[in-house]
Amino acid sequence: MRTEAEPTEATPADYESAGELLRALAAPLRIAIVMELAAGPKYVHQIVETLGVTQPLVSQHLRVLRGAGIVRGTRSGREISYSLIDDHIAHIVTDAVHHAREEH
C-alpha cells in the first residue's frame, strides 16, 4: 500500500545513495554523535564530555559524517560547532535506536 509521501519509484542511484548514508551511520559512535546533535548544535568538547571518548576519536568520526553530508561544521573563533544538515537523519537514527530497544 503506497502513501502519497512515498516516491513512485526509486532508482538504482537512490539505493546507492541510501546505502552510502547507512554505511556512514554504521559505527555505534557515529550513531551516538548523531543522537547528540539531534538535540542541537554542539562543540567537539561537548560531544567528548557527553560521550566519554577522546577528542581525536570524535573528530575522526565527525570527518566521516561531514564527508557523507550528514553534519556541517561552523567555525566560531577557535572552535567548530557541529550540527545535523537536516532532521531526516535524526529521525532515521532515532527510529533505529528505538527499534533496537524493542523486544522481538
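Source: prediction; values computed, not measured.
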Notebook entry, point to check: At what distance, to the nearest 0.5 angstrom, does NE2 of H45 lie from OG1 of T50?
Noted result: 9.0 Å
Next item on the list: For E49, check side-chain hydrogen bond (donor to acceptor under 3.5 Å, both in side chains) against everything at least two apart and list the hits.
Entry: none
Item checked: T74: side-chain hydrogen bond (donor to acceptor under 3.5 Å, both in side chains) partners, not counting sequence neighbours -> none
Note to self: Would you compute the distance between atom CG of L21 and atom CD1 of I89 and round it to the nearest 0.5 angstrom?
What the structure shows: 4.5 Å
Give the table of side-chain donor-acceptor pairs shorter than 3.5 Å for residues 58-70, with sequence neighbours excluded, one pair per line with atom names and distance.
from, atom 1, to, atom 2, distance (Å)
S59, OG, Q55, O, 3.2
S59, OG, Q55, NE2, 2.6
H61, ND1, R30, NH1, 3.0
R66, NH1, Y82, OH, 2.9

Please tabulate, for side-chain N and O atoms in residues 32-44, each donor-acceptor pair with protein atoms closer than 3.5 Å (sequence neighbours left out).
from, atom 1, to, atom 2, distance (Å)
K42, NZ, E36, O, 3.3

Margin query: Is there a path of hydrophobic side-chain contacts, each under 4.5 Å between heavy atoms of I/L/V/M/F/W/Y residues, joining V97 to V71?
Written below: yes
Next item on the list: Give every residue pair that meets the salt bridge (Lys or Arg N to Asp or Glu O under 4.0 Å) criterion with at least one member in residues 74-90, sequence neighbours excluded.
Entry: none
Margin query: My understanding is that only residues two or more places apart in sequence, or in another chain, count here; which of them pass side chain to side chain contact (heavy atoms under 4.5 Å, CB included) with S17?
Written below: none
Notebook entry, point to check: Cluster question for you: counting only ILVMFWY and a side-chain heavy-atom cut-off of under 4.5 Å, with indirect links fine, are I85 and L22 together?
Noted result: no
